[in-house]
Amino acid sequence: MQIALRATLKVLAPYILVGPAILFVLVFLYAPVVFSGVLSVSDWNFISPDMKFVGLDNYRVILRDPQFQTALLNTVLYCAVLIPAQIAVPLALATLILRIRKPFLANAYKAALFLPTMLAYSTAGMAWLWLFDPTNGFFNTLLGWFGLAPSRWYSDPSLALWCVVIVSFWKNFGLNMLLFAAALASVPGSVMEAAKLDGAGSWRAFWTVELPLISPTFFFVAVTTTMSVLDDIAATIDVLTEGGPFGQSTNVLYYMFERGLRFFQFGQASASAVLIILLVLIVTWAQVRMFERRVHYES
Amino acid sequence: MKADMPGAAGPALFSHLILAAVALFSVFPLFWMVTTAFTPNDLILSKAFRFWPDDPTLSNFTDAFRRYPVGAWLWNSIVVAGLVTLGKMLIAVPAGFAFAHMRFKFRNVLFWTVVATLTFPTAIGIVPLYVGISLIGWYDTLTAVIVPSIAYIGFYVFFMRQAFRQLPGAMFEAARMDGAGPFRQLLHFGVPNVLSPIASLSVISFMGAWNIYLWSLLVLDSQDKQTLAVGIKYFSSIDDVEPLWGPAMAVALLSALPTIVVFVSAQRYVMAAFTGQADR
């Protein structure tokens, strides 16, 4: 009897070990995504028991909503500005840091640049909200010293989005810098010397030898940065501008959040969730393609 | 190219100038936060505001605690970050071990089912999840924040599998010969040899959970149920007659310190984890 029990336990053991992981992702990640799809084609308000199938009505409503169009345009803008900036600038900074000969100074720079990454998004948002404050904030004081007129910063419709961009960049670039620095430091010096002996200038050696060698890091950074630009930026938006003024700084995720939470339009919120999933798939796919081509081309 | 031309001193100076400017950009908002936190609030709102207060004060901290249950927020943040981290480790470590050292049906399918969730944006299922949480009566409890947040384990399971793979399979084989069951193998031979990957993942998880924002905002309602990340927003009421920037920055500093301390004390493990991941 006991032997039979032991044998069964042995067969079941791996499933017992991986079971909780499977259960958690199915219940809290896969199921909600599937239900988002169902809700996106339904008319349901949480209170009434019946759920009506309405086809693509929710999609039609949000796609015609000027707020959603602005949100979509802003999302593209956020991606177009922040993804290249959060890859190129940290990469350039990493190469600069590696040139610093004194380890103490190099570490001090790294620590300073990484400091903002350790904060929560809302904490970072609050620190900047205070700097941007129209009446007593540091930036307007600074403008005053130079005799310039104060700005309204995050409550200026044409500046709000850029305030979010700056805070988001500030919060995230340090991590990518560290990742690039670690990867570049692991490229053997002999490889670069060989390239230079073959007559490649340092610029060309960087592009054709060093960059392909750190391409796994590059890809990892590109993917995680994309996720954070689409995803975490919503927290910054909420603290800084709440999507305003007049929806000028909102993005699709924040739009979804508002539809769901503030207006309880679950169908419309779910429809935008589905559109976000599609957007993520497209961007990730584009990145994989670009990455593949680059590597093929260089090798 | 050009930067290389002027000889050795030129490029070094150039690097220092740029890095110093970026470091200023990086550190200044935090410096300003600290200065403000220790300056009396009425002085902050006057023209007499300095780069460092003449007589630093703790009044902003006491004021913040008097206005809102900041102590409870701090405790809630610790509970959320601690339990999310504990939950993730309890799930990801055994799963990583099984995926690395055991043979069983559907192993690959199950592995990729878990790891594919790496690409899920965190807010993607927020609407159905919100409905579900409300239906089972978890609304306005920390449980509602903690339990669904544990589910983001794709990276953790992947990482733990890699860590266990570094251990020789022969070790577990020998343990099995000696009659150790799979659970004993994991506890006595597996876990003691992967303590540093576990430490690094714990730090990453703690910092991530400290950060949870939109989801907490959605499912927490009572003032004393908030975490620091969401509670801090109470101080940002812009149109207040008397803005509370002093107390706000005091709370911001309070919220920033734990993650900085946790990260700095475990820095070596975390960097190994990040760069190790990037190399693969």
Side-chain angles (χ1 to χ4, degrees), chain A residues 13-15 17-18 20-22 24-25 28-29 32-33 35-36 39 46 93 96-97 99-100 109 112-113 115-116 118-123 126-131 136 138 174 179 182-183 201-203 216-217 220 227 230-231 234-235 239 253 257 260-261 266 269-270 273 276-277 280 284, chain B residues 1 4 11 15 18-19 22-23 26-27 29-30 32-33 36 44-45 91 94-95 97-99 102 104 110 113-114 117 119-129 131 148 150-151 153 157 182 210-211 213-214 218 229 232-233 236 245 248-249 252 255-256 259-260 263 274-275 278-280:
Chain A
Y15 300 102
L17 293 174
V18 302
I22 305 291
F24 264 82
V25 297
F28 294 108
L29 299 176
V33 170
F35 275 113
S36 286
L39 282 175
F46 197 11
L93 290 171
L96 289 183
I97 281 186
R99 285 185 185 187
I100 305 293
Y109 282 132
L113 268 51
L115 207 52
M118 289 186 264
L119 302 189
Y121 284 94
S122 55
T123 313
M126 285 298 284
W128 280 87
L129 200 61
W130 167 221
L131 289 170
N136 296 295
F138 177 77
L179 292 172
S202 50
W203 185 248
T217 303
F220 179 74
M227 296 297 287
L230 286 169
D231 200 345
V239 174
L253 205 117
F257 175 72
L261 174 76
F266 290 136
S270 300
I276 295 170
I277 297 175
V280 170
T284 311
Chain B
M1 276 286 257
D4 284 346
S15 303
I18 294 203
L19 286 171
V22 179
S26 235
V27 173
L30 292 165
W32 204 239
M33 179 172 105
T36 310
I44 293 168
L45 306 178
I91 291 171
F97 174 74
F99 284 131
M102 298 173 96
F104 51 99
L110 293 175
T113 303
V114 175
T117 60
T119 59
F120 284 31
T122 46
I124 215 65
I126 223 168
V127 175
L129 212 50
V131 173
I150 292 175
I153 43 170
V157 171
W210 196 264
N211 228 333
Y213 185 78
L214 277 190
L218 206 55
I232 196 172
K233 231 196 129 188
S236 77
W245 287 116
M249 291 302 109
S255 157
T259 43
I260 293 180
F263 182 84
F274 275 134
T275 51
D279 285 346
R280 269 179 212 115

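Chain A is the first sequence line, chain B the second, and so forth, proteins listed ahead of strands; every chain is numbered from 1.
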So how far is it from B:L218 CG to A:F257 CZ, rounded to the nearest 0.5 Å?
-> 5.5 Å

Which portion of A:I277 sits near chain B, non-hydrogen atoms under 4.5 angstrom | both

Worked check of side chain to side chain contact (heavy atoms under 4.5 Å, CB included) between A:L115 and B:F263 = CA-CA 10 Å; A:L115 207 52; B:F263 182 84; over 6 Å; no

Contact summary for A:M126 and B:M249, nearest pair of heavy atoms | O-CE, 3.4 Å

Given the options A:L113, A:L119, A:V33, which has more heavy-atom pairs under 4.5 Å with chain B than any of the others?
-> A:L113

Output all residues satisfying side chain to side chain donor-acceptor pair (under 3.5 Å) with A:S270, sequence neighbours left out; order by chain, then residue number.
-> none

Between B:L30 and A:P116, what is the shortest heavy-atom contact and its length?
-> CD1-N, 4.4 Å

Checking heavy atoms, do the side chain of B:I18, its backbone, both or neither come under 4.5 Å from chain A?
-> side chain

Go through the structure and list residues passing side chain to side chain donor-acceptor pair (under 3.5 Å) with A:D231, not counting sequence neighbours.
-> B:T122

Worked check of side chain to side chain contact (heavy atoms under 4.5 Å, CB included) between A:N136 and B:I44 = CA-CA 8 Å; A:N136 296 295; B:I44 293 168; 5.5 Å; no

Picking from B:P94, B:S255, B:A23, which has the most non-hydrogen pairs under 4.5 angstrom with chain A?
-> B:P94

d(B:W32 CH2, A:L131 CG) to nearest 0.5 Å is 8.0 Å

So which heavy atom on B:L129 is nearest to which on A:P32, and how close?
-> CD1-CG, 3.7 Å

Output the option from B:V22, B:V157, B:I150, B:I153 having the highest count of non-hydrogen pairs under 4.5 Å with chain A.
-> B:V22

Side-chain (A:S36) to main-chain (B:G125) donor-acceptor, under 3.5 angstrom | no

For the residue pair A:A112 and B:V27, what are the closest heavy atoms and their distance?
-> CB-CG2, 3.8 Å

Does any heavy atom of chain B fall under 4.5 Å from the side chain of A:Y109, the backbone, both, or neither of them?
-> side chain

Any donor-acceptor N/O pair, A:T123 side chain to B:A256 backbone, under 3.5 Å = no

Examine whether an atom of B:I232 lies under 4.5 Å from a heavy atom of chain A, and if so say whether it belongs to the side chain, the backbone or both; otherwise answer neither.
-> both

Bottom line for A:L29: the part with an atom under 4.5 Å from chain B's heavy atoms is both

Per-residue tally against chain B (heavy atom, under 4.5 Å) across A:A127, A:G260, A:A273, A:A21 peaks at A:A21

Considering only heavy atoms, which portion of A:L230 lies under 4.5 Å from any heavy atom of chain B: side chain, backbone, both, or neither?
-> neither

Considering non-hydrogen atoms only, spot the tightest contact between B:N211 and A:A120 and give its length.
-> OD1-CA, 3.1 Å

State the CG-CG distance between B:L19 and A:L96, to the nearest 0.5 angstrom.
-> 5.0 Å

Rounded distance [0.5 Å steps], OG1 in B:T36 versus CZ in A:F138 | 10.5 Å

Angle class for the B:F104/A:Y15 ring planes (parallel below 30°, perpendicular above 60°, tilted otherwise)?
-> perpendicular

What part of B:P182 lies closer than 4.5 angstrom to a heavy atom of chain A: side chain, backbone, both or neither?
-> side chain

Closest heavy-atom contact between B:A151 and A:F24?
-> CB-O, 3.6 Å

More than 12 non-hydrogen atoms from neighbouring residues, nucleotides or ligands closer than 6.0 Å to CZ on A:F35, yes or no?
-> no

